[in-house]
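All chains are named by letter (A, B, ...) in the order of the sequence lines, taking the proteins before the strands, and each is independently numbered beginning at 1.
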Amino acid sequence: EAQVTQNPRYLITVTGKKLTVTCSQNMNHEYMSWYRQDPGLGLRQIYYSMNVEVTDKGDVPEGYKVSRKEKRNFPLILESPSPNQTSLYFCASRATGHTEAFFGQGTRLTVV
Amino acid sequence: AQSVTQLDSQVPVFEEAPVELRCNYSSSVSVYLFWYVQYPNQGLQLLLKYLSGSTLVKGINGFEAEFNKSQTSFHLRKPSVHISDTAEYFCAVTTDTGRRALTFGSGTRLQVQP
């Protein structure tokens with residue numbers, strides 16, 4: 001089954017404690033991205049990657065890092081989380097030239 | 001850069017009534033348009049998309065949308081809603097240039113009442 005898998009689904013952490021949210025897709029898609037969803041703001045792109053070793057900033061990259069060492073994986077790293085990063089995070093992937101994006105189930109992060 | 005405006009943050013409607021969720025966009029280049037649905041505690045599911053061709057697009061669960069280039073709109077409609085349609089709906093736009101990000105509207109919560 002074609003899917004995008006994020007882990008964990010829920011995470012509560014403390015300010016400053018580094019964390020990683022994993023994302024994996026099994027569709028051989030070149031393009032992957034991370035979004036955060038906040039009430040009244042819709043989804044905003046954090047980072048994206050057009051292929052292996054090619055990443056770039058989206059609309060709200062501050063406080064986040066990503067890496068793309070393999071085509072299927074695109075982890076989101078918060079080196080020093082802060083309470084304003086409390087949000088619902090989504091990973092998405094799509095094929096080059098194909099505009100439909102497939103989303104993971106989301107990761108609800110709370111930073112206290 | 002593109003932007004999306006969803007004009008209604010909440011739309012209450014009675015079961016079996018018709019509904020229209022409004023979406024307007026702005027872009028300096030040609031766009032591709034989407035509607036996604038998010039059920040409680042779930043991810044986003046594609047309802048329908050407009051890439052080119054016929055401006056009336058049919059999607060899953062009986063939804064349809066019409067692309068109107070002159071009015072830069074892509075409104076979502078359903079002739080008769082069910083309780084199970086209660087969810088949040090997002091309009092999104094992307095282009096074939098630049099970083100090709102999906103730009104989302106702020107969402108419309110559809111609340112279907114019995």
Side-chain angles (χ1 to χ4, degrees), chain A residues 1-10 21 23-25 27 29-51 54-61 66 68 87-108, chain B residues 1-10 21-25 27 29-53 57 59-60 65 67 74 87-109:
Chain A
E1 179 189 354
Q3 60 186 2
V4 178
T5 304
Q6 293 178 229
N7 279 297
R9 291 289 311 278
Y10 302 91
V21 183
C23 173
S24 181
Q25 51 95 4
M27 295 168 279
H29 286 166
E30 293 83 11
Y31 190 101
M32 297 185 74
S33 55
W34 276 101
Y35 292 84
R36 60 177 289 173
Q37 181 183 4
D38 301 291
L41 296 177
L43 283 81
R44 294 175 293 168
Q45 193 183 58
I46 302 170
Y47 266 94
Y48 69 100
S49 169
M50 290 201 176
N51 216 322
V54 181
T55 64
D56 209 344
K57 298 176 180 178
D59 297 313
V60 287
V66 293
R68 188 89 181 274
S87 188
L88 179 59
Y89 292 86
F90 287 100
C91 179
S93 76
R94 68 186 198 204
T96 301
H98 195 294
T99 53
E100 178 180 348
F102 295 82
F103 285 83
Q105 289 292 89
T107 296
R108 186 167 291 282
Chain B
Q2 61 263 19
S3 66
V4 178
T5 302
Q6 291 184 244
L7 297 161
D8 306 295
S9 59
Q10 294 189 62
L21 306 185
R22 296 180 293 169
C23 172
N24 286 90
Y25 70 92
S27 176
V29 298
S30 295
V31 297
Y32 306 106
L33 295 150
F34 305 83
W35 276 98
Y36 283 86
V37 59
Q38 184 180 33
Y39 298 105
N41 299 315
Q42 293 190 27
L44 280 78
Q45 179 182 2
L46 182 68
L47 266 181
L48 49 78
K49 60 186 176 185
Y50 172 79
L51 304 181
S52 65
V57 179
I60 62 171
F67 170 56
F74 191 54
E88 187 142 25
Y89 293 79
F90 292 96
C91 182
V93 62
T94 190
T95 67
D96 236 355
T97 59
R99 60 183 167 98
R100 294 182 290 148
L102 269 172
T103 299
F104 286 85
S106 54
T108 297
R109 182 165 297 280

Ring geometry between Tyr35(A) and Phe103(A) (parallel below 30°, tilted from 30 to 60°, perpendicular above 60°): tilted

Heavy-atom contact with chain A under 4.5 Å, split by part of Ser9(B): neither

Best-contacting candidate, Asp56(A), Leu88(A), Leu41(A), against chain B by heavy atom pairs under 4.5 angstrom: Leu41(A)

Heavy-atom closest pair, residues Tyr48(A) and Lys57(A): CE2-O, 3.3 Å

Which of Arg108(A), Gln6(A), Met50(A) touches chain B most, by non-hydrogen pairs under 4.5 Å: Met50(A)

Chain B contact via Gln45(A) - side chain, backbone, both or neither, heavy atoms under 4.5 Å: side chain

Which atoms of Gln6(B) approach chain A - backbone, side chain, both or neither, heavy atom under 4.5 Å: neither

Under-4.0 Å salt bridge between Asp38(A) and Arg44(A): yes

Side chain / backbone / both / neither for Leu46(B) at chain A, heavy atoms under 4.5 Å: side chain

Candidate pair Gln105(A) and Gln3(A), rule side-chain contact (heavy atoms from CB on, under 4.5 Å), full reasoning: CA-CA 10 Å; Gln105(A) 289 292 89; Gln3(A) 60 186 2; over 6 Å; no

Side-chain ion pair, Arg94(A) and Glu100(A), N-O less than 4.0 Å: no

